[in-house]
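Just the heavy atoms: all of them, side chains too, but no hydrogens, waters or symmetry mates, feed the values below. Order of appearance sets the numbers: ligands from 1, and atoms from 1 within every ligand. Note that the structure is predicted; figures quoted are calculated from it, not measured.
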Amino acid sequence: MLPVGIDQISFYTSNYYLDLRTLATEQQTDPDKYYVGIGQEKMGMAAHDEDIVTMAANAAAPLFKDTESKKISTLMFATETGIDQSKSAGVYVHRLLDLDENCRVVELKQACYSATAAVQMACALVARQPETSVLVIASDIAKYELDTPGEATQGCGAVALLIKANPRILTIDPHVGNYTEDVMDFWRPNYRKTALVDGKYSTKIYLKSLKKSWEHFSQASSLSFSDFSYFCYHLPFSKMAQKAHRHLAKVNKSELETEVIDNQIQGSLLYNKLMGNSYAAALFIGFTSLIENKSEDLCGKKIGFFSYGSGCVAEFFSGSLVEGYQQHLFTQKHQSMLDAREEINYQRYLELYNTPDPKNGETVEIAEDTTGLFRLSAIANHKREYIAR
Ligand code: HMG
């Protein structure tokens, strides 16, 4: 069977961020609670004319430099920030990126896990038709109630992955470990804009799911903990991954020094600390952070991935980096995008947080705000209007 996996990977986040020191000052909290306690520094805030569609199109645009590459068989859109109960957000992206009319489009949901489901389904489709490629996009805006413990873990971002046979970045192994349990740790009923969360409980379920999916993975795969050089975790905040990885090392009775264990995830945390939680996109932005920030050649190295979606569904899977992967990254583009972001004050944060949300078909023209390539220009007659800038 041909190797299948990630051929290209590109991510996008909004041009605004709130420094968590600013939030701490407003809340009269010690900033170290955020900088040290949860390991987060900044959180991305979407502009008024930005949503999961514009972020997704921005993330995927660099993958399509020629018309040939637009010939993908399927676009899978993973999100928990859905904008419509019926129409897939991916269909808007299909138009904005001028994709082939024979490309199928579908939206997937299971909290932060759905992008992993999409990647695995994409691998299966490509294994069946190796001449085709599948575009997976995960795009989310993490939003909690103001003045709740979750507030400091907001963020936004989108990641686009091209899944192909003989991939140029990562081959994904066929064996996986899964764990599903019906729990109420984090959820968002249809009538709410913000998630409901039992924060402490969610961190416990995250750790339990890691152990369970690792055990299942160990039954399916011949790989053991020591075969992995680096690990990428779902990143609600970076300290969660650090706790999880130490937990996994303990489960495996690893004799590695704590410093070595921490170093196995360090590179994957860098972008998340600056962007915050991007839900379904977070795991793969973490992977991008790892491969774009490690100066050593990771070719042939085994990477372990832990995907977690509240509710909950979890998966442990693995992959190997391909020789020459460095030549196919968008490192400069990503780092310039993060550097160019504008810091906002608390007042502006509240304005962006309270994005106008038209009801009952009223018309709203949305002023130009984002610096991205695409924007939401209006909502009129119950229809969202997207344009390229
Ligand atoms: P909290 O309860 O306010 O925080 O919020 P805390 O009091 O537990 O403090 C956090 C840490 O900071 C603690 O460290 C403190 O000791 C430390 P720990 O005991 O955990 O090691 N701390 C300090 N450190 C240094 N200097 C100080 C200081 N003060 C305190 N001055 C909570 C934490 C996670 C509950 C909150 O952020 C939350 O509710 N977040 C949202 C839920 C979440 O992210 N859960 C993670 C697992 S579930 C998941 O990942 C899925 C998700 O992405 C959704 C999806 O799947 O779609 C969320």
Side-chain angles (χ1 to χ4, degrees), residues 20-21 23-41 43-44 52 78-82 108-118 138-157 159 179-189 192-213 232-247 258 262 265 268-269 272-273 275-286 305-315:
L20 291 180
R21 285 197 196 97
L23 185 66
T25 305
E26 282 302 318
Q27 296 173 333
Q28 299 180 330
T29 304
D30 182 350
D32 277 354
K33 173 168 178 185
Y34 301 143
Y35 268 65
V36 180
I38 60 167
Q40 292 298 111
E41 299 175 10
M43 60 187 195
I52 53 163
T79 188
E80 56 177 301
T81 321
L108 293 91
K109 176 176 67 186
Q110 175 30 57
C112 303
Y113 166 71
S114 58
T116 298
S139 183
D140 268 316
I141 297 174
K143 195 165 180 181
Y144 295 87
E145 285 292 304
L146 298 175
D147 299 322
T148 62
E151 186 181 4
T153 64
Q154 297 176 116
C156 64
V159 66
Y179 180 70
T180 297
E181 185 181 350
D182 182 4
V183 288
M184 298 304 278
D185 62 329
F186 167 106
W187 69 105
R188 184 166 70 82
R192 285 183 62 100
K193 286 280 164 207
T194 53
L196 294 160
V197 60
D198 188 342
K200 298 278 186 213
Y201 178 55
S202 73
T203 62
K204 288 196 175 74
I205 293 290
Y206 182 115
L207 295 180
K208 177 182 175 186
S209 304
L210 169 62
K211 183 168 179 285
K212 291 281 192 178
S213 47
C232 296
Y233 286 80
H234 166 54
L235 293 169
F237 49 91
S238 68
K239 204 58 173 294
M240 185 73 241
Q242 190 190 61
K243 282 188 182 180
H245 191 49
R246 288 183 186 180
H247 182 64
T258 307
D262 287 351
I265 59 162
S268 71
L269 310 179
N272 175 266
K273 280 172 182 275
M275 290 170 53
N277 195 353
S278 51
Y279 289 160
L283 172 66
F284 295 100
I285 294 178
F305 293 84
F306 176 64
S307 177
Y308 177 78
S310 282
C312 72
V313 178
E315 180 163 320

Passes side-chain hydrogen bond (donor to acceptor under 3.5 Å, both in side chains), Thr79 versus Asp140? Steps please. CA-CA 6 Å; Thr79 188; Asp140 268 316; 2.9 Å; yes

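The two atoms that bring Glu145 and Arg192 nearest to each other are OE2-NH2, 3.5 Å, heavy atoms only. Minimum heavy-atom separation, Ile205 to Cys312: CG2-SG, 3.8 Å. Looking at every heavy atom in both residues, Leu23 comes nearest to Glu151 through CD1-OE2, 3.4 Å.
Interface atoms of ligand 1 facing Gly309, defined by a heavy-atom separation under 4.0 Å, are 56 (O). Contact atoms of ligand 1 toward Ala111: 55 (C), 56 (O), 57 (O) (distance under 4.0 Å to a heavy atom of the residue). Numbered from 1 in the order shown, with element, the atoms of ligand 1 that lie under 4.0 Å from a heavy atom of Glu80 read 55 (C), 57 (O). Atoms of ligand 1 found under 4.0 Å from any heavy atom of Ser202 (numbered from 1 in listed order, with element): 42 (C), 43 (C), 45 (N), 46 (C), 47 (C), 48 (S). For ligand 1, the atoms lying closer than 4.0 Å to a non-hydrogen atom of Asp30 are 31 (N). The ligand atoms of ligand 1 that sit less than 4.0 angstrom from a heavy atom of Gly199 are 35 (C), 39 (O). Each of the atoms 41 (C), 42 (C), 58 (C) of ligand 1 lies under 4.0 Å from some heavy atom of Tyr144. Atoms of ligand 1 lying under 4.0 Å from any heavy atom of Val197, numbered from 1 in the order shown and given with element: 42 (C).
Among protein heavy atoms, atom 53 (O) of ligand 1 sits closest to His234 NE2, 2.8 Å. Protein heavy atom at the shortest distance from atom 15 (C) of ligand 1 is Gly37 CA, 4.9 Å. Remark: minimum distance from atom 55 (C) of ligand 1 to any protein heavy atom is reached at Cys112 SG, 2.7 Å. Looking from atom 10 (C) of ligand 1 to the surrounding protein, the closest heavy atom is Ile38 CG2, 4.0 Å. The closest protein non-hydrogen atom to atom 6 (P) of ligand 1 is Lys200 NZ, 3.4 Å. Ranking protein heavy atoms by distance to atom 28 (C) of ligand 1, first place goes to Lys33 CA, 3.5 Å.
The nearest protein heavy atom to atom 51 (C) of ligand 1 is closer than 4.0 Å. Per-atom contact check: atom 42 (C) of ligand 1 touches the protein, criterion being a heavy-atom distance below 4.0 Å. Atom 25 (C) of ligand 1 lies below 4.0 Å from at least one non-hydrogen atom of the protein. Put simply, atom 33 (C) of ligand 1 has no protein non-hydrogen atoms near it, under 4.0 Å away. At least one protein heavy atom sits closer than 4.0 Å to atom 8 (O) of ligand 1.
The nearest non-hydrogen atom to atom 5 (O) of ligand 1, considering only Pro149, Pro31, Ala282, Ala314, comes from Pro149. The closest heavy-atom contact to atom 44 (O) of ligand 1, among the options Ser307, Pro236, Ser209, Ala24, comes from Pro236.
Side chains of Lys204 and Lys208 form no contact here, defined as non-hydrogen atoms less than 4.5 Å apart. With a 4.5 Å cut-off on side-chain heavy atoms, Asn272 and Ser238 count as touching. For the pair Tyr233 and His245, the minimum side-chain heavy-atom distance is below 4.5 Å. Side-chain atoms of Met240 and Thr203, non-hydrogen and from C-beta on, do get closer than 4.5 Å to each other.
Taking any N or O of Asn277, backbone or side chain, at least one lies under 3.5 Å from an N or O belonging to ligand 1.
The aromatic rings of Tyr206 and Tyr308 sit tilted relative to each other, their planes meeting at an angle between 30° and 60°.
Ion pairing of Lys212 with Glu181 is absent here, as no side-chain N (NZ or NE/NH1/NH2) approaches a carboxylate O to less than 4.0 Å.
By the neighbour-count criterion of 12 heavy atoms within 6.0 Å, atom NZ of Lys109 is sparsely surrounded, having that number or fewer from other residues, nucleotides or ligands.
Figure legend: Arg21 and Tyr34 shown without cation-pi pairing, the cationic atom not lying both under 6.0 angstrom from the six-membered ring centre and within 45 degrees of its axis.
For Lys243, the closest heavy-atom approach to ligand 1 falls below 4.0 Å. Using a non-hydrogen distance threshold of 4.0 Å, Tyr34 does not register as a contact of ligand 1.
Side-chain contact, Asn277 with Thr153: no donor N or O sits under 3.5 Å from an acceptor N or O.
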